[in-house]
Amino acid sequence: MATRHFLTLLDLNPEESRYLIQRAISIKNSLRAQGPTYTPFANRTLAMIFEKSSTRTRVSLETAMAQFGGHALFLSPRDTQLGRGEPIGDTARVLSEMVDIVMIRTFSHQGLEEYAAASQVPVINALTDDYHPCQLLADVMTWTEQRGSVRGRTAVWIGDGNNMCHSWINAARQFDFQLRVVCPEGYEPRANILEAAGDRVTIHRDPMSAVEGADLVTTDVWASMGQEEEQVRREADFAGFQVSESMLDRAAEDVLFLHCLPAHRGEEISETLLDDPRAVVWQEAGNRLHAQKALIEFLLLGRVAE
């Protein structure tokens, strides 16, 4: 069987995506009821290659491997031959001989694709400048736990058309919901990603009108990793795009708010928004653990019957 990778949400088909969400919820509920007694990753090793800093990604993946009986290795460029110029493909071939699965958090999506093309073991995208699919598994899992099926519902993305926005667009395709992307001119998502989504995704300029009747509102920081020198300009360009309690009041009565974190209070969100009961960001963050367990299980073992 061909090696399966998870570089974007579109590496799964919609039915597999829905399976992963339900499997993650099942894993979470089993952990609460029985504790970590299921150990399908015994004697399995995950190599974690980090070129960008991380809290939720590193902790959730290391914990996932440990609770399921496996082991995780933290690798950074300064500690490996990647940092001394070893070709990406050579590193992929070497690690394929030693570990069972690889996770990469990096800048270049093209470099990630190059690594996966040379790898004989599954590769997980734990964030590139273009996509963050692992976060969307946790986001859709949280939305599903709170409100049931997301099919036919409406989500609103407010902010930069960045890697998170791209993954929300792909999620709209996979899970069949409508997505309104609200951004200033010049900060739109990539045209080819937007076009591929068809009429599931629309572009808006006014956040207050875009959230009308929405089931979910989500955002991200205005300046992502690697864009810190643009912070001042972006703060000016995104004036009026801050998500606040009064903005959520314009949405559906049972609206939810998500944020991939870390959040900059007083910038992309109001100072007190994360304390609002409509914000479920801590559940969302915790669900990274369970969604990634389900993903690794699927890539290593295939579907698991309940």
Side-chain angles (χ1 to χ4, degrees), residues 1-48 57 60-72 95-96 99-104 112-113 115-117 119-127 131-153 167-168 170-177 283-284 286-306:
M1 187 171 65
T3 301
R4 296 289 301 268
H5 301 303
F6 186 67
L7 309 188
T8 79
L9 287 171
L10 302 181
D11 284 322
L12 306 175
N13 63 44
E15 201 277 330
E16 289 171 334
S17 298
R18 292 190 294 270
Y19 162 79
L20 276 187
I21 297 304
Q22 294 304 321
R23 179 61 183 154
I25 293 171
S26 176
I27 286 170
K28 179 178 179 179
N29 291 338
S30 295
L31 179 65
R32 286 174 170 171
Q34 303 169 6
T37 59
Y38 175 57
T39 55
F41 301 162
N43 299 317
R44 304 270 193 158
T45 299
L46 166 70
M48 304 190 304
T57 295
S60 61
L61 283 162
E62 286 199 28
T63 302
M65 290 301 294
Q67 289 186 352
F68 270 14
H71 178 64
L95 290 184
S96 292
V99 303
D100 301 283
I101 188 166
V102 174
M103 176 238 83
I104 302 177
L112 175 73
E113 292 175 330
Y115 186 103
S119 178
Q120 298 301 306
V121 300
V123 176
I124 295 172
N125 175 8
L127 183 142
Y131 299 100
H132 195 1
C134 285
Q135 180 65 52
L136 261 293
L137 291 180
D139 290 357
V140 176
M141 176 186 174
T142 306
W143 194 5
T144 302
E145 283 183 307
Q146 288 282 336
R147 299 291 184 260
S149 173
V150 305
R151 185 175 185 179
R153 293 183 179 270
S167 289
W168 269 101
N170 285 346
R173 296 173 59 183
Q174 291 291 80
F175 296 98
D176 195 18
F177 59 83
Q283 178 182 345
E284 174 191 8
N287 279 342
R288 290 291 301 278
L289 171 64
H290 312 294
Q292 284 158 187
K293 282 180 178 177
L295 174 63
I296 296 169
E297 180 190 63
F298 177 77
L299 292 174
L300 290 179
L301 305 177
R303 294 191 185 212
V304 173
E306 293 294 339

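All figures in this text were calculated on a predicted structure; none of them were measured in a lab.
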Can you check whether Ser26's main-chain N or O pairs, donor with acceptor, with Asn29's side chain at less than 3.5 Å?
-> no
Out of curiosity, Leu31 CG to Thr37 OG1, how far, rounded to the nearest 0.5 Å?
-> 8.5 Å
Note, Tyr38 side chain near Lys293 side chain (heavy atom, < 4.5 Å) = no
Verify, without hydrogens or angle tests, whether Asp100 (side chain) and Thr45 (backbone) share a donor-acceptor contact under 3.5 angstrom.
-> yes
Measure from the ring center of Trp143 to the ring center of Phe177 and say whether it is less than 6.0 Å.
-> yes
Test item: side-chain donor near acceptor, Gln135 and Asp139, under 3.5 Å | yes
Quick one: does Phe41's side chain get under 4.5 Å of His71's, heavy atoms only?
-> no
Would the number of heavy atoms belonging to other residues, nucleotides or ligands and lying under 6.0 Å from CG of Asn43 be above 12?
-> no
Taking the side chain from Thr3 and the backbone from Gln120, do they hold a donor-acceptor pair closer than 3.5 Å?
-> yes
Under 4.5 Å between any side-chain heavy atoms of Ile25 and His290, yes or no?
-> no
Looking only at atom types and distance, does a side-chain atom of Arg44 sit under 3.5 Å from a main-chain N or O of Pro40, one as donor and one as acceptor?
-> no
Would you call Leu10 and Tyr131 a side-chain contact if the rule is heavy atoms closer than 4.5 Å?
-> no
Heavy atoms, side chains only, cut-off 4.5 Å: are Tyr115 and Val102 in contact?
-> yes
Separation between CD1 (Ile296) and CE (Met103), nearest 0.5 Å, reads 10.0 Å
So, do Leu299 and Val121 sit near enough that their side-chain heavy atoms are less than 4.5 Å apart?
-> no
For His5 and Val123, indicate whether the former's side chain and the latter's backbone hold a donor-acceptor pair under 3.5 Å.
-> yes
Establish, yes or no, whether the cationic atom of Arg303 lies under 6.0 Å from the six-membered ring centre of Tyr19 and within 45° of the ring axis.
-> yes
Taking side chain as C-beta onward, heavy atoms only, is Glu145 less than 4.5 Å from Asn287?
-> yes
Output for pair (Ile124 CD1, Arg4 CZ), nearest 0.5 Å, gives 12.0 Å
Supply the atom-to-atom distance Phe298 CZ to Glu16 CD, rounded to the nearest 0.5 angstrom.
-> 4.0 Å
Across all chains, not counting sequence neighbours, the salt bridge (Lys or Arg N to Asp or Glu O under 4.0 Å) partners of Glu113 are none
Find out whether Leu136 and Phe175 are in side-chain contact, i.e. whether some heavy atom of one side chain is under 4.5 Å from a heavy atom of the other.
-> no
If you take all heavy atoms of Pro133 and Ser167, which pair is closest and at what distance?
-> N-OG, 3.6 Å
Closest contact, heavy atoms only, Ala291 versus Leu137 | CB-CB, 3.9 Å
Which of these, Leu61, Leu300, Val99, sits in a side-chain contact (heavy atoms from CB on, under 4.5 Å) with Leu46?
-> Leu61
Derivation of the side chain to side chain contact (heavy atoms under 4.5 Å, CB included) call for Arg151 and Arg18 = CA-CA 10 Å; Arg151 185 175 185 179; Arg18 292 190 294 270; over 6 Å; no
For Cys134 and Asn125, work out which heavy atoms get closest and say how close.
-> SG-O, 3.6 Å
Is the backbone N or O of Arg288 less than 3.5 Å from a side-chain atom of Gln292, with the two atoms forming a donor-acceptor pair by type?
-> yes
Minimal non-hydrogen separation, Thr57 against Ala126, with atom names = CG2-CB, 3.7 Å
Interatomic distance, Glu15 atom CD to Leu20 atom CG [nearest 0.5 angstrom] = 10.0 Å
To the nearest 0.5 angstrom, please state how far the CG atom of Asp176 sits from the OG atom of Ser17.
-> 12.0 Å
